[in-house]
2 protein chains.
Amino acid sequence: MATIERNTTLAAQIRQSLEMQIDSKLLQPGVKLPSERELSELFDTTRTTVKEALLAMEAEGRVYCEDRRGWFVAPPRLIYNPLYRSPFHQIVTEQKRQLETLVLSSRTIVATPTLCQELALPTLSRVNEVTRLRKLDGRVVLLARHYLKPERFPGILEHDLSQSLTTLYEQQYGVRYGRSRFEINPTAAWGEVAQALMLTEGSPILLISCVNYDQHGEIIDCDHEYWRHDAVRILVDSQELERMKANTLL
Amino acid sequence: MATIERNTTLAAQIRQSLEMQIDSKLLQPGVKLPSERELSELFDTTRTTVKEALLAMEAEGRVYCEDRRGWFVAPPRLIYNPLYRSPFHQIVTEQKRQLETLVLSSRTIVATPTLCQELALPTLSRVNEVTRLRKLDGRVVLLARHYLKPERFPGILEHDLSQSLTTLYEQQYGVRYGRSRFEINPTAAWGEVAQALMLTEGSPILLISCVNYDQHGEIIDCDHEYWRHDAVRILVDSQELERMKANTLL
DNA sequence: CAGTGGTCTAGACCACCAG
DNA sequence: TGGTGGTCTAGACCACTGC
């Protein structure tokens, strides 16, 4: 919550002013803020200073920016447990939110060295790559690239890949997730990633990389998830893991 | 790795130029970059543009800024598993790095509503708060605030709190960590946190909140860890958890 | 085509840090 | 005290979006 404070900098005053509007629900999640130019007139300053305030609020996850579209009030973060490999759709609906999945591409490629290492493959192996964009309540929040071992999922690229891969694995191939391992890196978005997430080049994002194993401990696939950093909150409970295990192995 | 590309923007060219120097080890981790003014002359541009390039590199974790001190080449990230509650000193030395811990304050306070909830305490309970600053290879990377249930650790504030709390708990109070639960929030640094981490107000950071339970499933303590976002890489393996459990419970 | 943010210029004054 | 980044001004042109 924003509190009234004596603050030295102009940018801090702009921030507080906007935060008070947001806290008081006068500015609702998803609503577009006035343009940088309008704000700079409102606060009798320049775009540079307004932008500085907005960037700090963006870092905090209070507002977000869509490239050349404008600034918006950030909705609540999605709570996400990367170890909990249930269908993503389910995770989202349990939080009473709406998911949309777009398949950007699906193809077979030669694995990069990093991928070979992650999937424990010999060099120059081929892998299936599926790139999907996910929208939360209509907003782009996640670009996910899945890399599958082709021999485990023959012909999978012919299926409808906008559905849950978890379900597809299980129903079509009898493969279920067992243990998994993930890594979180705060980093920046460039090129395609920035474009897909509608971010400016160099914006901070969260990169979550998962490696998944089946019920027999064999590697199934891995994925690289590029998240808008304000859209997610990671939550991991070691106890929940026990329950998951019970569910998976029985 | 930076590759030579035709890039449109000046800021991107500055970035690539600096990244090439870093990749080629001409600029070693920890080394100070030329001042913003020098760089702007070097690249025949203004401080604004130089700063834009530096901020993007900071988001990526290639460089970092110390408030009013200058810009430095970022050292490799520390690999950190928040579920793995072994002495932090051990985690750091295993990665052949050097840890320094400074106790900033230790006192008894009235728990905030958030804290009461996290620790499952009645409202207006008192808790012991220990604030510590941690340096990795001489660089401030983490401000950690621990909140302990006072009745579990009578007189703990009299001990030397710059040592491992894990060890202190076990040796002085016979308390060992069992399960735990953590949460990761990308957010921004304000006030004391920004100051302690030598960050500009509003810089992006990673907030990791942990709640820890003892071997009997009772809550022991929780902590709020404010990390410089470029200093850490979270890694969690569900299998490792099994081993941990075996170690803790036997 | 009007409006948006993205990028960039060429300065200025300040607080703070280090020698 | 000289040099650093922090903050801020008052503009400009551009690429792209959305009507």
Side-chain angles (χ1 to χ4, degrees), chain A residues 6-16 18 31-59 63-73 138-140 188-191 194-204, chain B residues 6-16 18 31-59 63-73 138-140 188-191 194-204:
Chain A
R6 280 287 144 262
N7 249 289
T8 41
T9 73
L10 221 184
Q13 288 169 35
I14 298 174
R15 235 184 46 229
Q16 282 182 12
L18 289 174
V31 159
K32 189 178 172 307
L33 296 180
S35 75
E36 293 182 0
R37 270 171 258 259
E38 279 179 81
L39 287 172
S40 64
E41 281 184 27
L42 259 170
F43 291 100
D44 196 31
T45 179
T46 57
R47 270 183 69 199
T48 316
T49 304
V50 166
K51 189 158 211 143
E52 192 197 322
L54 290 170
L55 284 173
M57 290 178 71
E58 185 191 38
V63 300
Y64 66 95
C65 186
E66 292 195 357
D67 197 70
R68 272 169 246 266
R69 273 180 197 81
W71 291 87
F72 304 83
V73 178
R139 170 190 173 212
V140 173
W190 308 111
Q195 251 181 344
L197 293 176
M198 302 204 285
L199 288 164
T200 309
E201 300 264 322
S203 296
Chain B
R6 280 289 143 260
N7 248 288
T8 43
T9 73
L10 221 184
Q13 288 169 34
I14 298 173
R15 237 183 44 228
Q16 283 182 11
L18 290 175
V31 159
K32 189 176 173 310
L33 296 180
S35 75
E36 292 182 1
R37 270 170 258 259
E38 280 178 81
L39 287 172
S40 63
E41 280 184 30
L42 258 171
F43 291 98
D44 195 31
T45 180
T46 56
R47 269 183 71 199
T48 316
T49 304
V50 167
K51 188 157 212 144
E52 192 197 324
L54 290 170
L55 284 174
M57 291 177 70
E58 185 190 38
V63 301
Y64 66 94
C65 185
E66 292 194 357
D67 197 71
R68 271 168 246 267
R69 272 177 200 83
W71 290 88
F72 304 83
V73 178
R139 169 189 172 212
V140 173
W190 308 111
Q195 249 179 346
L197 293 177
M198 301 204 286
L199 287 165
T200 309
E201 301 263 324
S203 296

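For clarity, every value in this text was computed on a predicted model and none was experimentally measured.
- Residues satisfying the ring pair (Phe, Tyr, Trp, His ring centres under 6.0 Å) criterion with F43(A), sequence neighbours excluded, are absent altogether.
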- [ ] Spell out protein contact along nucleotides 3-12 of chain C as letters: B when the base is contacted, S when just the sugar-phosphate is, - when no protein heavy atom is under 4.0 Å; keep the 5' to 3' order.
- [x] -BBBBSBB-B

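- L33(B) pairs by the side chain to side chain contact (heavy atoms under 4.5 Å, CB included) definition with L27(B), L54(B), V63(B), W71(B), V73(B), not counting sequence neighbours.
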Sequence neighbours left out, cut at 3.5 Å: what donor-acceptor pairs do the side chains of residues 45-52 of chain B make with other protein atoms?
from   : atom 1 : to     : atom 2 : distance (Å)
T46(B) : OG1    : T49(B) : OG1    : 3.4
R47(B) : NE     : E36(B) : OE1    : 3.2
R47(B) : NH2    : E36(B) : OE1    : 3.2

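- For E66(B), the salt bridge (Lys or Arg N to Asp or Glu O under 4.0 Å) test picks out no residue, with sequence neighbours left out.
- By the side chain to side chain contact (heavy atoms under 4.5 Å, CB included) test, S35(B) is found to be paired with R37(B), E38(B), residues two or more places apart in sequence or in another chain being considered.
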